[in-house]
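Take a look at the structure set out below.
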Amino acid sequence: MEFDFDVMVLGLGPVGLVTAVGFAELGHRVLGVDIQVEKVNALKQGKVPFYEPGVEPALQKHLREHRIAFDHDAAPWIPRAEVIFVCVGTPTKPSGEADLSAVRSVVEEVRRHAHGYTLVVEKSTVPVLTARWMEQEFQKVADHDIEVASNPEFLREGSALHDFLHPDRIVLGVRSSRAEHILRNLYRGIETEFLVTDIETAEIIKHASNAFLAMKISFINMIADLCEKTDADVVDVARGMGLDPRIGPSFLRAGLGFGGSCFPKDIRAFQHIGQTLQLDFELLTSILRINEQRIHRFVQHFEEVLGDLKGRTLALLGLSFKPNTDDIREAPSLKVIQALRARGARLHLHDPVAIPNVQKLFPESPPDLIYFEDPYEAIRDADGLGIITEWDLYQTLDLPRVKSLLKRPVVVDGRNIFDPETMLNLGFVYRGMGRGRWLRKKS
Ligand code: UGA
């Protein structure tokens, strides 16, 4: 295959593929590489192996226009690359530490094959000081001209391509003006704030941002528990806090807490960095502990209304870790399923797209665990309904119909999508998360 390219992207998971397609959208010629041959073959056919709105049509357009190409072998291309984005996975080891073995293989390959000036850019989330270690590795090569930079991603699943093209900021951690120039040039056309800083600062910005957002969520969830004990309403507390521009209204939605492939993993890795450097990072431990407790609170709500859950049928709506994705990594739904099954409850599960993924972990076994394509069928004859993920579809459910289908009109709203007043007026036994004002009110 012959292909001239401006950018090489190594690792084609959600971050890598969106980065590759994003740079193609900006008019660059992009070579994407992943060691998984099947994935590369699918991408060559224009098929995206995960659910991310807008990526597939953009990919197909750029394939047709020869602006993007894929290979499973980086070696022949590395000598011709001026800039290489490292987007390989950095999962968690059992200790919480980030597993950098995929990054290590990339460093090895680049070391072996780079020719002339090569800029290696960290895009995946890596612990601070990773770049310094990479630099030491590259220095072992005689006459090397390999430079490292950090350009963390702030992409949210479900709106990743949009976030790439319309970022709040672009952080460039660089050691030289040459690296800065190359990276600025790649992002030309994007109007946003560029923060140019040193590499270690850029690495920390990524972990600190995710930890801070997770902290906001755990903070409001802590307050949610307080509201339940004091007959107050966490939604109004969040509104009242959020009106202060120093706090801001976002990421103050109380509920079942955070999941996904980023927050839990990144906080554990950040915690590990703190430990390694002998710093007091206890705050992060509390964030994770509060988040874990959300599952118990949700289950308790059912128990407080229904008593022993053994033999009860519960309908659970929403299995992905958040709406608009089929991703179930660290999804609260998985822990809720485990906890309710351990109590002997029978579960009816629904999700618009994530069922195939959940089925791999929890195979269907009627009558204990049944998957439904229609949310109303999942609800039929259940002793209670639980909302786990706030898909739009659930926010517009026909509530009188829901009530008539349920055996007992119990709703535990893990994402506070319904208006408590409306639910009580319709005759539901309604429980939101942190909505203490309505907890003891009868319908
Ligand atoms: C997150 C960050 O938002 C991105 O900026 C970052 O780039 C990304 O991680 C990453 O490191 O790659 P993402 O995990 O896709 O993105 O999802 P979010 O939309 O941030 O939601 C995370 C979790 O927090 C979800 O489970 C969501 O339900 C929960 N959440 C969010 C709340 O419980 N309450 C809120 O107020 C907001």
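Both ligands and their constituent atoms are indexed starting at 1 by order of listing. Residue numbers run from 1 in the order of the sequence given.
- Of the candidates N416, I217, V15, N324, I217 brings a heavy atom nearest to atom 31 (C) of ligand 1.
- Taking any N or O of L155, backbone or side chain, at least one lies under 3.5 Å from an N or O belonging to ligand 1.
- Between G259 and ligand 1, an N or O atom pair is found at a separation short of 3.5 Å.
- At least one heavy atom of C262 sits closer than 4.0 Å to an atom of ligand 1.
- No N or O atom of T125 sits closer than 3.5 Å to an N or O atom of ligand 1.
- Between Q395 and P323 the shortest side-chain heavy-atom distance does not fall below 4.5 Å.
- For the pair N210 and ligand 1, a heavy-atom separation below 4.0 Å is found.
- At least one heavy atom of K206 sits under 4.0 Å from some atom of ligand 1.
- At a heavy-atom cutoff of 4.0 Å, ligand 1 is contacted by both the backbone and the side chain of R253.
- For the pair R184 and F194, the cation sits on the ring face: its NZ or CZ lies under 6.0 Å from the ring centre, inside 45° of the axis.
- Contacts of I220 with ligand 1, taken as heavy-atom pairs under 4.0 Å, are absent altogether.
- Residue contacts with ligand 1 include G257, since one or more of its heavy atoms lies under 4.0 Å from the ligand.
- With respect to atom 2 (C) of ligand 1, the closest heavy atom belonging to the protein is F263 CE2, 3.7 Å.
- The residue D163 has no part lying near ligand 1, judged by heavy-atom distances below 4.0 Å.
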